2 protein chains.
Amino acid sequence: MNLLDTARVYTGQTKILVAVDCIVFGFDGQQLKLLLFKRKVEPLKGQWSLIGAFIKEDMSLDDSAKQILLESTGLSNVFLEELKTYGAVERDPGERVISIAYYSLTRLNELDLDSVEEYDAHWFGLDEIPELILDHGEMVQLAIKRLREKVRRQPIGFNLLGERFTLPQMQILYESILQKELDPRNFRKKMLSFDILTKTREKDKSASKKGAFYYVFNKEKFDEFVANGYNFEI
Amino acid sequence: MNLLDTARVYTGQTKILVAVDCIVFGFDGQQLKLLLFKRKVEPLKGQWSLIGAFIKEDMSLDDSAKQILLESTGLSNVFLEELKTYGAVERDPGERVISIAYYSLTRLNELDLDSVEEYDAHWFGLDEIPELILDHGEMVQLAIKRLREKVRRQPIGFNLLGERFTLPQMQILYESILQKELDPRNFRKKMLSFDILTKTREKDKSASKKGAFYYVFNKEKFDEFVANGYNFEI
DNA sequence: ATAGATAATGTAAATGAAACACTTATAGGA
DNA sequence: TCCTATAAGTGTTTCATTTACATTATCTAT
C-alpha cells in the first residue's frame, strides 16, 4: 500500500503533535535582538529555547502564534509571519512534533516586561545567541536570512521602531539588520523617495545636541504605494 | 490555564492530522501548466484537487512530499520546496487537518504518463484552472506568486526545461511564468551574462528553418555563481 | 563665545535596464 | 537552383538607478 492509496481517508491515519515556535526580533536602538526563553519543562529543562506551544484543537496556526506572542510579551498587533515548518521525524527527543516556526518584529520598548520576566526571557544580540534546543538554532538562522531579504523589499522596518522615529535611528536599524554600513545621504534619499514618511516638528535630542527630526509612518501613502506594486530596495 | 503554561508538556496534548499537498508545475513548451487530480474519496469525491497525503509516523515532511510526487508522476530529483502551512481550524470539512503545501517544478516530458493517468490527473493552463476543493485554490495562487518572485532571483527555470534547451524556448518559459513579453535581445544578453549556460553544437529545428542552438545548464559555473552571492534578476 | 558632536544636504560618475531594427541561416516550394 | 518565408541571432543608444563622496547647519554645554 502506498501513500496515495490512503490519501484523504481520515480514519486510521496517524495524528501528530503540532507546535508553533516564535522567533521574536526586537530593536533596542543600537542593535537587532532576539528574545529567548529558558525552557521550564523536561526534557532539556533550563536550556535556551524559542517560545512555543502546542496547537490546540480549536485554534488556527496564526492565532496560536499570536497568542503565544501576546502571553509572552504582552504585544498584539505585531508583524508576524510564517517562516517554515519543521517536520523531521526525530527532531524532538520527547515525541514526534511538527513545528511551524513564525517570526515576528516587535517594538522592544513597548514590551510588557512583567510577562517577559515571568517566562525567564532574555534579549540576545545576534552575535551572542547561545546554543538552542532542538532545531531552534536553525530556525533562527533562517529567520535572520529571511528578514534580511525581506527588509530590502518591504518596509517592515517600521515594525521594529516606535510610533515615531528619526532617520538616523532607522538607518542604524537597517545597518544592524543588513550588517553593513550605509551611506547616510543615500539612505535618506532612498527612504524619503518612497514618500511614505511624514516629518514632524519635534526632534529627538537624546543622541545629539542638534537633534534629529522625528518622522511618522504614513499608512495612507504606503497603501497607495503597495497598490501600485511597490519595490522597496534599500 | 494559558497556552504557555502547558508548553512542551507532551502528555495530554491534542494530536492532529497532518497532510502534505503538492502543487506541481510543468512546462509543455508553450505555457506553464498545473497538474491536478480528481479526488477519489469522500468527502468531495470527484472534484479537482491537488495531490496530497497524510503524514506517516515515520516520514519527514520533505520525504512525504517527495514520495507523493514520485508516486503520482514517477519523478524524483525534482525541484520541491515548501510553500506555506495551512492550519485554519475548519479548512477540511471531514476533520481538522493541517496541511503543508509544497510546490514543485517538473519536466513535463519526463513524466511517467501511466502514473499520472492512474491517478486521474490532468494538466491545466494557468488560465483554465478549475475550482479546487478546500483551500487548494488559495495554495495554487500563492504558489504562482511565489514562482514569479523566485524565478526572478534564482535560475529555477532549468527545472522546468529538459536537459538541453534553446534560448527561445527558455524565453517562452519565462514569458509564460511572468505573463509578459520580454525583449529577445535583452533576455539573451542577461541570461548569457550569468555565464551558467554552455552552448552545444546541435540545433533544434522543430520551431524554425534556421534552427536554434541547444544550450545546457552548467552546474559547476552555477555553483561558483551561487557561492559568490548571486543576483539573478531577469 | 566657542567647541564639540551629530544631522542634514547635493552632485558627479558609473552601472544597469530598457528600447529599438536589421542581418543571418535554413527548409521547402516554385 | 533560386527564391521566399520564418524564426534566430546580434549592438547601440537612451534613460534610470545606484554609488561615491565632503561640507554646512544646528544645538548644548562649558
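Only heavy atoms go into these numbers, but all of them, side chains included; no hydrogens, no water, no symmetry mates. Chain naming here is simple, since letters A, B, ... match the order of the sequence lines and numbering starts at 1 in each. All figures in this text were calculated on a predicted structure; none of them were measured in a lab.
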Flag, side chain of B:K203 to backbone of B:K210, donor-acceptor distance under 3.5 Å
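Side chain of B:K203 to backbone of B:K210, a donor-acceptor pair under 3.5 Å: yes, one is there.
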Tabulate atom names and distances for all N/O pairs under 3.5 angstrom spanning the protein and nucleotides 17-20 of chain D.
| unit_1 | atom_1 | unit_2 | atom_2 | d |
| --- | --- | --- | --- | --- |
| D:dT18 | OP1 | A:K190 | NZ | 3.1 |
| D:dT18 | OP2 | A:K190 | NZ | 2.9 |
| D:dA20 | N7 | A:N186 | ND2 | 3.0 |
| D:dA20 | N6 | A:N186 | OD1 | 3.1 |
| D:dA20 | N6 | A:K189 | NZ | 3.4 |

In whole angstrom, give the distance that lies between atom CZ of B:F187 and atom P of D:dA8.
12 Å
Take the protein atom CG of B:L192 and the nucleotide atom P of D:dG11, then report the distance between them rounded to whole Å.
12 Å
Could you check whether the rings of [X] and [Y] sit parallel, tilted or perpendicular, using 30° and 60° as the cut-offs?
{"X": "A:F37", "Y": "A:Y119", "value": "perpendicular"}
{"X": "A:W48", "Y": "A:H122", "value": "tilted"}
{"X": "B:F158", "Y": "B:F165", "value": "tilted"}

Among residues at least two apart in sequence or on other chains, which ones pass side-chain contact (heavy atoms from CB on, under 4.5 Å) with B:L70?
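By the side-chain contact (heavy atoms from CB on, under 4.5 Å) rule, B:L70 matches B:S76.
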Non-hydrogen side-chain atoms of A:V140 and A:L132 separated by less than 4.5 Å
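The answer is yes, as the side chains (C-beta and beyond) meet within the 4.5 Å cut-off.
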Should [X] and [Y] count as an ion pair when the cut-off is N to O under 4.0 Å?
{"X": "B:K84", "Y": "A:E82", "answer": "yes"}
{"X": "A:E149", "Y": "A:R153", "answer": "no"}
{"X": "A:K219", "Y": "A:D223", "answer": "yes"}

Side chains of B:D204 and B:S206, donor plus acceptor under 3.5 Å
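Checked: B:D204/B:S206 side chains pair up, N/O donor to acceptor below 3.5 Å.
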Residues A:E81 and A:Y102: side-chain donor-acceptor under 3.5 angstrom:
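Checked: A:E81/A:Y102 side chains show no N/O donor-acceptor pair below 3.5 Å.
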Answer with yes or no after comparing the ring centroid distance for B:F222 and B:F194 against a 6.0 Å cut-off, counting only values under it.
no
Check whether any side-chain nitrogen or oxygen of B:R188 sits under 4.0 Å from OP1 or OP2 of D:dT10, and answer yes or no.
yes
Identify, with sequence neighbours excluded, every residue that meets salt bridge (charged side-chain N to carboxylate O under 4.0 Å, His left out) alongside B:K221.
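With sequence neighbours excluded, B:K221 shows a salt bridge (charged side-chain N to carboxylate O under 4.0 Å, His left out) to B:D195, given in chain and number order.
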For the helix from C:dA1-D:dT30 to C:dA30-D:dT1, what angle lies between the axis at the first five pairs and the axis at the last five pairs, to 10 degrees?
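That helix gives 10° between its end axes.
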Residues from residues 203-214 of chain A lying under 4.0 Å of DNA chain D - heavy atoms
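The stretch gives A:K203, A:K205, A:K209, A:K210 as the residues lying under 4.0 Å from the strand, ordered by number.
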With heavy atoms of chain A within less than 4.0 Å as the criterion, where does contact along DNA chain C begin and end?
C:dG4 to C:dT11
